[in-house]
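Ligands are counted one by one from 1 in listed order, and the atoms in each one are counted from 1 as well. Below, all heavy atoms of this structure are taken into account, side chains as well, without hydrogens, waters or symmetry copies.
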Amino acid sequence: MALSSNLGYPRIGSQRQWKKAIEQYWAGKLEEAELHAQLKEIRLSHLRKQQAAGIDLIPVNDFSYYDQVLDTSAMLGIVPPRFSYEGGKVSTKLYYEIARGSNDQPASEMTKWFNTNYHYIVPEFNNITPQLTHNAPLAAYREAKQELGIEGKPVILGLFSFVKLAKGYAKHEQGAWVEKLLPLYYQVLQELQAEGVQWVQFDEPALVTAFSEQDMVQVRRIYEALAEAAPNVKVILQTYFESVERYSELIHLPIAALGLDGVHGWQGNIEQLLAHGVPANKLVAIGLVDGRNIWRAELEESYTKLEQLQKLVTADRLIIQPSCSLLHVPVSVQYEDKLPQVIKDVLAFADEKLTEVVQLTNKLNGQAESWEQAVQAGKQAYAAFNALEQRNYKDKLQQSIDKLLQQGLTRAASFAERYPLQVNKLQLPLLPTTTIGSFPQTKEVRAARSRWRKGEWTSEQYDAFVAEEIDRWIAYQEQLGLDVLVHGEFERTDMVEFFGEKLGGFCFTANGWVQSYGSRCVKPPVIYGDVTYEAPMTVKETVYAQSRTKRPVKGMLTGPITIMNWSFVRQDLSRETIAYQLAFALKQEVEALEKSGISIIQVDEPAVREGLPLKQDEQKPYLDFSIRAFRLTTCGVQNETQIHTHMCYCDFSDMISSIRDMDADVISIETSRSHGELIANFEQQTYDLGIGLGVYDIHSPRVPAVAEMESLIERALRVLEPGLFWINPDCGLKTRQEPETLAALKNMIEATAAVRQKLAQAASK
Ligand SMILES: CN1c2c(nc(N)[nH]c2=O)NC[C@@H]1CNc1ccc(C(=O)N[C@@H](CCC(=O)N[C@@H](CCC(=O)N[C@@H](CCC(=O)O)C(=O)O)C(=O)O)C(=O)O)cc1
Ligand SMILES: N[C@@H](CCS)C(=O)O
Ligand SMILES: [Zn+2]
């Protein structure tokens with residue numbers, strides 16, 4: 001019999017109970033014991049749901065208090081030495097300090113989990129002697145068994161991927177780190193075997209990215225040692241997000257099953273399976289239900305894949321599962337009561353995806369009673385959905401887009417010619433100071449929006465509230481002495497959701513939350529149809545803010561690639577086509593802002609790097625169309641209009657030249673959480689456009705000292721041209737509280753003044 005399995009369940013809870021409990025604990029409103037009790041209840045309810053859905057292999061240890069990579073570091077005693085820690089189990093307080101910073105110590109770096117909008121906490125290996133602090137998978141297994149009688153499948157971040165994701169060691173030390181940590185993994189697995197655990201899932205997503213012969217030696221070493229540690233445990237070596245590299249070698253490791261993504265990378269995986277076969281003693285765990293998108297599975301299509309696989313592996317050697325952890329999709333469609341039925345009928349979130357996994361498994365096992373009905377229902381749903389008018393504007397839109405693409409997408413003048421014109425028009429000083437766009441989305445701001453949405457406030461009341469917030473923050477910015485101001489984004493729920501709500505072709509879930517980092521969640525909009533520009537989206541608030549000050553106010557838009565990458569997108573058009581549709585709509589907004597007298601327009605593209613395909617041969621085409629989409633959005637403005645962009649929380653070192661090709665007059669990039677590592681890249685490659693490297697981490701409540709920022713600025717000015725350098729925080733300030741925001745900005749301005757003075761002194765010598 002084939003088995004059904006799940007790789008991980010969303011931890012946030014159907015009503016974001018998880019987020020709320022954790023944030024209450026942080027705010028000192030929930031005792032630690034109560035936090036543990038509430039999170040345990042959430043965890044158990046998720047196990048019950050998966051049991052009720054009929055999943056055979058239910059994951060345990062996929063739950064987390066913040067992030068699964070941080071959990072692994074905590075289990076292995078990898079605590080940065082700047083925090084006080086004397087060994088043993090990492091306390092809840094310390095765990096959160098590593099993630100969020102303490103009063104006097106910066107947090108660990110946070111970066112994107114492969115090509116997703118989920119952020120993990122980067123393990124820091126410098127000066128660490130690892131130790132097994134507790135066996136977390138064992139505790140999770142025991143809990144599921146004792147409380148619910150569930151024979152869970154512990155999920156463990158594989159040692160190879162864990163080391164690859166960490167920092168604080170030289171490349172040649174990678175093998176030594178594998179050796180240092182292997183005994184701890186060995187012990188974890190031995191203890192699981194002693195407990196009678198049958199299946200263990202080792203997540204090794206790094207195996208879908210290119211890895212060397214030397215890496216393969218380490219992978220072999222790890223899985224041979226683990227097989228020796230626990231010969232009775234059936235190890236699933238799990239990959240996802242793309243087709244696996246070196247299938248022919250991995251399949252011969254001493255593992256029970258190889259887990260492959262059967263959606264993203266199906267082609268690459270099936271080609272390797274066909275070319276190399278599957279040894280008779282191995283199982284294939286195949287991810288046929290898309291864990292990265294929210295569309296209902298087309299069951300017959302997925303089943304065709306199973307038929308192909310059955311030519312290589314008998315059904316009893318197949319495990320059917322989602323393509324990756326369901327962490328990346330919302331919990332359940334059942335809470336969506338506002339969506340048009342025709343759209344709701346083609347959606348599947350985590351719970352519905354589990355049903356699809358079970359339907360496919362049952363069909364394979366010859367238990368097909370409800371199969372035909374499910375297939376027919378799906379076909380009818382898609383037929384109605386495809387007939388929607390908004391899904392059928394694409395040809396007309398493409399004609400307009402093609403015309404623009406053929407025009408070449410270049411600004412009227414080169415950067416060297418237009419930048420002095422802009423500086424002159426805007427009267428900018430040396431090292432202009434600015435922020436990234438958002439100011440604190442306080443409880444009051446959220447509550448105001450909630451009242452308006454519920455109809456308790458009229459639109460006039462809500463608009464007046466937003467205007468007051470803009471007034472207050474324009475005044476603060478003037479008092480602080482910032483050079484380029486922003487309106488603060490108070491009217492926006494989220495930088496992507498807000499635009500989606502105003503463009504045609506999008507629809508919105510009421511409760512489709514997905515974890516982005518820590519307790520922060522996003523509600524990705526759904527691009528279900530062709531994207532159309534309906535009316536100005538940001539002009540009212542931007543023009544209002546500009547009317548309150550003589551200093552320039554930057555217009556603030558989210559770029560086409562970021563809107564696309566942070567939305568759930570339709571599957572019948574290429575991402576390139578969707579990106580151009582978005583760019584074409586945003587171009588109209590850029591022009592509306594410019595016509596209204598706004599002289600600086602920022603088009604944020606923080607998600608460009610995150611969306612970079614994991615396979616090298618797909619990267620250039622992606623970057624090419626991303627650059628074209630950005631230029632399509634921005635290239636039509638006057639020479640005097642300054643275009644900014646912003647990027648954050650990714651490693652941009654490998655795409656500096658693509659960033660250059662976007663031809664934005666100024667880019668602000670997050671740098672400080674990685675302690676200035678990006679700066680070093682500019683020693684190797686020049687950047688000759690305007691640039692601001694973030695001078696302080698905005699994800700921590702900690703207020704950085706003037707001297708700290710001064711030294712970051714000076715470090716940057718050793719490699720970047722002062723005449724092109726801007727001063728700004730790492731990212732938007734929406735997640736911060738007001739007092740710390742004002743205090744940090746005050747210090748940033750003081751640091752800038754000090755550096756300006758030193759530059760002036762140096763120039764006068
Ligand atoms: C900049 N980043 C972003 C990413 N992705 C995005 N889609 N958006 C981003 O800004 N990725 C990379 C980075 C870092 N990631 C994030 C992700 C999420 C947040 C964040 O602050 N999230 C908020 C939720 C934001 C939101 O939509 N808020 C709604 C209110 C929703 C709500 O909770 N309502 C309450 C009622 C309100 C009340 O009465 O008080 C409820 O329903 O119970 C809004 O503003 O209207 C979060 O809190 O998780 C930041 C960076
Ligand atoms: N303008 C946005 C960018 C975040 S990446 C903000 O300031 O929040
Ligand atoms: Zn940002």
Side-chain angles (χ1 to χ4, degrees), residues 12-20 22-23 26 110-113 116-120 328 335 434-454 456-457 462 466 473 486-501 508-525 538 542 554-559 561-568 601-611 644-650 652 667-673 692 694 697-699 728-736 741:
I12 60 174
S14 64
Q15 307 303 315
R16 288 178 298 150
Q17 305 90 319
W18 178 86
K19 166 198 175 66
K20 290 169 192 168
I22 292 173
E23 288 182 354
W26 289 341
M110 176 171 93
T111 199
K112 296 276 160 93
W113 177 245
T116 75
N117 191 10
Y118 176 83
H119 306 61
Y120 71 93
H328 309 289
Y335 306 106
T434 190
T435 61
I436 306 302
S438 60
F439 283 127
Q441 284 271 333
T442 55
K443 260 205 314 273
E444 292 72 28
V445 175
R446 295 257 161 90
R449 187 158 36 252
S450 167
R451 276 188 212 119
W452 168 61
R453 291 213 152 152
K454 286 186 200 140
E456 293 165 17
W457 270 13
Y462 179 61
V466 170
W473 278 89
V486 294
H487 77 282
E489 304 183 25
F490 301 107
E491 76 289 7
R492 304 183 186 179
T493 44
D494 170 75
M495 58 185 284
V496 167
E497 195 185 8
F498 172 82
F499 288 95
E501 279 181 349
F508 295 87
T509 61
N511 199 47
W513 294 98
V514 178
Q515 185 188 5
S516 176
Y517 74 89
S519 71
R520 295 285 172 174
C521 300
V522 292
K523 193 142 58 67
T538 62
T542 318
K554 239 188 327 187
M556 196 57 60
L557 305 178
T558 304
I561 301 298
T562 298
I563 296 188
M564 175 173 76
N565 286 349
W566 289 353
S567 298
F568 291 122
I601 302 167
Q602 180 170 311
V603 180
D604 290 326
E605 281 292 24
V608 166
R609 175 61 181 80
E610 150 200 330
H644 287 217
T645 189
H646 160 73
M647 298 183 185
C648 50
Y649 303 102
C650 275
F652 297 104
I667 180 166
S668 54
I669 313 192
E670 165 267 335
T671 354
S672 67
R673 224 178 199 200
D697 173 23
I698 57 83
H699 282 112
N728 46 259
D730 265 349
C731 183
L733 297 159
K734 61 189 164 206
T735 57
R736 299 272 50 88
T741 303

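Checked against a 3.5 angstrom limit, the closest N/O atoms of His646 and ligand 2 fall outside it. Every N/O-N/O distance between Lys112 and ligand 1 stays at or above 3.5 Å. Considering both main-chain and side-chain atoms, Thr735 never comes within under 3.5 Å of ligand 1 through any nitrogen or oxygen pair.
The closest donor-acceptor contact from the side chain of Thr558 to the backbone of Asp604 lies at 3.5 Å or more, if one exists at all. Between the side chain of Ser668 and the main chain of His646, no donor-acceptor pair closer than 3.5 Å is present.
Of all the listed residues (Arg16, Lys454, Lys443, Met495), Arg16 holds the heavy atom that lies closest to atom 33 (O) of ligand 1.
At a 4.0 Å heavy-atom cut-off, ligand 2 touches Pro606 through the side chain alone.
Closest to atom 3 (C) of ligand 2, if we only count protein heavy atoms, is Asp604 OD2, 3.3 Å. The protein heavy-atom contact nearest to atom 26 (C) of ligand 1 is Thr493 O, 3.5 Å. From the protein, the heavy atom lying nearest to atom 8 (O) of ligand 2 is Ser438 OG, 2.7 Å. Given atom 4 (C) of ligand 2, the protein heavy atom at minimum distance is Met495 SD, 3.4 Å. Among protein heavy atoms, atom 51 (C) of ligand 1 sits closest to Tyr517 CE2, 3.5 Å.
For the atom pair CD1 (Ile698) and CD (Glu670), the distance works out to 8.5 Å, reported to the nearest 0.5 Å.
Residue contacts with ligand 1 leave out Glu23, since none of its heavy atoms falls under 4.0 Å from the ligand.
A search for salt bridge (Lys or Arg N to Asp or Glu O under 4.0 Å) contacts involving Arg520 returns nothing, not counting sequence neighbours.
Around the Zn ion (ligand 3), the protein contributes the following N, O or S atoms at distances under 2.8 Å: His646 NE2, Cys648 SG, Cys731 SG.
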